Amino acid sequence: MIYLDNAATSFPKPSEVYDEVLNCMKNYAANPGRSSHDMSIQASSKIAETRQELSTLFNIDCPFDIIFTCNATESLNIAIKGLLKRGDHAISTAIEHNSVLRPLNYLSKAGVELTLLKVNMEGFIDINELEKSIEKNTKVIIINHASNVLGTIQDIEKIGSICKKYGLIFMVDASQSAGVVPIDVDKANIDLLAFPGHKGLLGPQGTGGLFIRDGVKLEHFIDGGTGSNSSSMEQPDFLPDKFESGTLNTPGIAGLYEGIKFIQKIGIENIQKHEKTLTEYLLSELKKLSYVKIYGLKSAENRAAVVSINIDNMDSSKVGYILNKNNIAVRTGYHCAPLIHRVIGTEKYGTVRISPGYFNTDKDIEDFINVIKGIYKQDSWS
């Protein structure tokens, strides 16, 4: 199988990830932070080491400002619903994933004001329009760092500087960029950073996290055991315990640790360079095919390794079905980002999304292109 669906979840993982998940399950999958025996202490140590590695990766001063979650969706819900109250104003964009759009839609019915900025056909927001949208009650700007439909990479440093200028909270959805595009929370003035563990960070599914800058106050919506202040019925008010009730996914976090160590060994710049080279090659070959429509940027500059296309007069789901029959995995449809499809004109049929990853090769791209040529030829004859 040629796997080109890394925007959904990365595959394969580094061998060290698989090995450590199994090692944890077999040897130290006890409850971290709850007991004084050796297995529990080892589990706690692995959790702490992973927080430290994430802090280094994102230039976060205090590891305890990172909480572990099941995925970026949970992180975004904690951040959005924990931050916004009736009368607050939030600014986001039309290129967001439903993990942002749906919580915002839910809160808009409860009195939160919302502005969704338009994007152009390449997926970029207008920075001037962003600044003009700021109101007296604006509390937060929420931005998708890299689009899961078009791959568009927004200028988070410029947006972060605007947030700092107006004293606003800056929330970044790094679902498609964490582990692939360098992120420095201080340089970009990021106050809330949501990220999955199972995509660019190369960890297992069921892992993710949220960076909460010191001073940003969020309401929690899960109360329970934390292993701290256990004699009190009150939920702890300090990080990470405030948001980490219940048993953490220690085997998953142990695997995530190895994914991050792999990224550090290879170098995030080298991973980005490899994926950019594959994306540039993919785009150059697709542009030769007159019957293929490419959405968004036509080059790999300012673009993550995400490319959406359609073939003339063919439903995207049919293309995906045939690709699967040829042992090529892609994603088709709307990719949980409905508003951007209205912008690019694909609201009726979605797109075919190709998302190469670090472990893909030029040969994978060549084979994909050859199958696309065969699909069009066969469809033309039928």
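When a residue number appears, it is its place in the shown sequence, counting from 1. These figures come from a predicted structure and were not determined experimentally.
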> So Asp173 and Ile142, do their side chains get closer than 4.5 Å, heavy atoms only?
no
> Quick one: does Asn324's side chain have a donor or acceptor within less than 3.5 Å of a partner on Tyr321's backbone?
no
> Roughly how far, to the nearest 0.5 Å, is OG1 of Thr279 from CD of Gln272?
10.0 Å
> Looking at Gly320, is its backbone amide N or carbonyl O close enough to the side chain of Thr332 to form a donor-acceptor pair, meaning the two atoms are under 3.5 Å apart?
no
> Please check if any side-chain donor atom of Glu131 sits under 3.5 Å from a side-chain acceptor atom of Tyr166, or the reverse.
yes
> Does any non-hydrogen side-chain atom of Met233 lie less than 4.5 Å from one of Asn229?
no
> So if you build clusters from Ile, Leu, Val, Met, Phe, Trp, Tyr with side-chain heavy-atom gaps below 4.5 Å, do Leu256 and Leu248 land together?
yes
> Are side-chain N/O atoms of Ser355 and Asn6 paired as donor and acceptor at under 3.5 Å?
no
> Is there a path from Tyr281 to Val292 through hydrophobic residues (I, L, V, M, F, W, Y) whose side chains come within less than 4.5 Å of each other?
yes
> Charged N to carboxylate O below 4.0 Å: is that the case for Lys363 and Glu366?
no
> Keeping the roles fixed (side chain from Thr56, backbone from Gln52), state whether a donor-acceptor pair exists under 3.5 Å.
yes
> I'd like to know if Glu301 and Lys276 make a salt bridge, using a cut-off of under 4.0 Å between side-chain N and carboxylate O.
yes
> A side-chain contact here means heavy atoms from C-beta on lying under 4.5 Å apart; do Glu275 and Ile271 qualify?
yes
> Looking at side-chain heavy atoms only, is the closest gap between Thr351 and His341 below 4.5 Å?
yes
> Assess whether a salt bridge exists between Glu49 and Lys261, defined as any Lys/Arg side-chain N lying under 4.0 Å from an Asp/Glu carboxylate O.
no
> Is there a donor-acceptor pair under 3.5 Å between the side chain of Asp241 and the backbone N or O of Asp237?
no
> Among Ile, Leu, Val, Met, Phe, Trp and Tyr joined by side-chain contacts under 4.5 Å, find the other residues sharing a cluster with Phe11 and list them by chain and number.
Tyr3, Tyr18
> Strictly distance-based, threshold 3.5 Å: is any side-chain N or O of Asn270 a donor or acceptor partner for the main-chain N or O of Ile266?
yes
> Is the side chain of Gln235 donor-acceptor paired with the backbone N or O of Gly224 at a distance under 3.5 Å, no angle test?
yes
> How about His145 and Ile153: do any of their side-chain heavy atoms sit closer than 4.5 Å?
yes
> Evaluate side chain to side chain contact (heavy atoms under 4.5 Å, CB included) for His220 paired with Asp223, printing each intermediate quantity in order.
CA-CA 8 Å; His220 66 286; Asp223 295 90; 2.8 Å; yes
> Out of curiosity, Ile212 CD1 to Lys217 NZ, how far, rounded to the nearest 0.5 Å?
10.5 Å
> Asn310 and Tyr295: side-chain hydrogen bond (donor to acceptor under 3.5 Å, both in side chains), yes or no, with the steps?
CA-CA 8 Å; Asn310 274 310; Tyr295 300 97; 3.1 Å; yes
> Please round to the nearest 0.5 Å and tell me the distance separating atom CG of Asp214 and atom CG of Asp65.
6.0 Å
> For atom CZ of Arg213, is the number of surrounding heavy atoms from other residues, nucleotides or ligands below 6.0 Å larger than 12?
yes
> With side-chain hydrogen bond (donor to acceptor under 3.5 Å, both in side chains) as the criterion, how do Glu280 and Ser299 come out once you've worked through the C-alpha distance, each side chain's angles and the decisive distance to 0.1 Å?
CA-CA 6 Å; Glu280 196 65 69; Ser299 77; 4.8 Å; no
> For Phe359, I'd like to know if atom CZ has over 12 heavy atoms of other residues, nucleotides or ligands within 6.0 Å.
yes
> What about Phe64 and Phe238, are their ring centers closer than 6.0 Å?
no
> Suppose we screen for ring pair (Phe, Tyr, Trp, His ring centres under 6.0 Å). Which residues come up paired with Tyr291, at least two apart in sequence or across chains?
Tyr376
> Is it the case that the side chain of Lys199 and the backbone of Ala7 share a donor-acceptor pair, with hydrogens and angles ignored and the cut-off at 3.5 Å?
yes
> Which pair of heavy atoms, one from Thr250 and one from Tyr28, lies closest together, and at what distance?
CG2-CE1, 4.5 Å
> Strictly by modelled atom types, are His198 and Thr207 linked by a side-chain donor-acceptor pair under 3.5 Å?
no
> Can you tell me which residue pairs pass the salt bridge (Lys or Arg N to Asp or Glu O under 4.0 Å) test with a partner in residues 73-85, sequence neighbours excluded?
none
> Considering all heavy atoms of both residues, which atom of Ile41 and which atom of Ser36 are nearest to each other, and what is their separation?
CD1-O, 3.3 Å
> Rounded to the nearest 0.5 Å, what separation is found between the OG atom of Ser10 and the CG atom of Leu201?
8.5 Å
> Quiz question: by atom type and distance under 3.5 Å, do the side chains of Thr93 and Glu96 form a donor-acceptor pair?
yes
> Can you label the angle between the Phe58 ring and the Phe195 ring as parallel, tilted or perpendicular, going by 30° and 60°?
tilted
> Quick one: pull up CZ in Arg353 and CG in Asp5 and give me the separation to the nearest 0.5 Å.
5.5 Å
> Which residues satisfy the salt bridge (charged side-chain N to carboxylate O under 4.0 Å, His left out) test with Arg51, sequence neighbours excluded?
Glu244
> So with a 6.0 Å cut-off around NZ of Lys187, is the heavy-atom count from everything else above 12?
no
> Do you see a donor-acceptor pair shorter than 3.5 Å between the side chains of Thr152 and Ser147?
no
> What distance do Ile375 atom CD1 and Lys325 atom NZ have between them, rounded to the nearest 0.5 Å?
13.0 Å
> What pair of heavy atoms forms the shortest contact from Ala174 to Ile183, and how long is it?
CB-CD1, 3.8 Å
> Measure across Ala194 and Ala72 and return the closest heavy-atom pair with its distance rounded to 0.1 Å.
CB-O, 4.4 Å
> For side chain to side chain contact (heavy atoms under 4.5 Å, CB included), just list the numbers for Ile2 and Asn327, CA-CA rounded to whole Å, side-chain angles, deciding distance to a tenth of an Å, and then say yes or no.
CA-CA 6 Å; Ile2 296 174; Asn327 292 315; over 6 Å; no
> Please give me the minimum heavy-atom distance between Ser99 and Ile80, naming the atom from each residue.
O-CD1, 4.2 Å
> Find out if a path of hydrophobic residues (ILVMFWY) with successive side-chain heavy-atom gaps under 4.5 Å connects Leu323 to Ile294.
yes
> Determine yes or no for a side-chain-to-main-chain donor-acceptor pair under 3.5 angstrom, with Asp364 supplying the side chain and Thr361 the backbone.
yes
> Can you confirm whether the side chains of Thr69 and Ser75 place a donor and an acceptor under 3.5 Å from each other?
yes
> Listed by chain and number, what are the ring pair (Phe, Tyr, Trp, His ring centres under 6.0 Å) partners of Phe368, not counting sequence neighbours?
none
> Is there a side-chain contact between Leu192 and Leu218, using heavy atoms and a 4.5 Å cut-off?
yes
> Got a list of side-chain donor-acceptor pairs under 3.5 Å for residues 110-120, not counting sequence neighbours?
from   : atom 1 : to     : atom 2 : distance (Å)
Glu113 : OE1    : Asn137 : ND2    : 3.3
Glu113 : OE2    : Asn137 : ND2    : 3.3
Thr115 : OG1    : His89  : NE2    : 2.8
Asn120 : OD1    : Glu122 : N      : 2.9
Asn120 : OD1    : Gly123 : N      : 2.9
Asn120 : OD1    : Phe124 : N      : 3.0

> Is the backbone N or O of Leu101 less than 3.5 Å from a side-chain atom of Asn98, with the two atoms forming a donor-acceptor pair by type?
no
> Taking the side chain as everything from C-beta on, heavy atoms only, tell me whether Gln42 gets closer than 4.5 Å to Ser45.
no
> Spell out, yes or no, whether Leu193 and Val100 are grouped together once hydrophobic residues are joined by side-chain heavy atoms under 4.5 Å, including indirect joins.
no
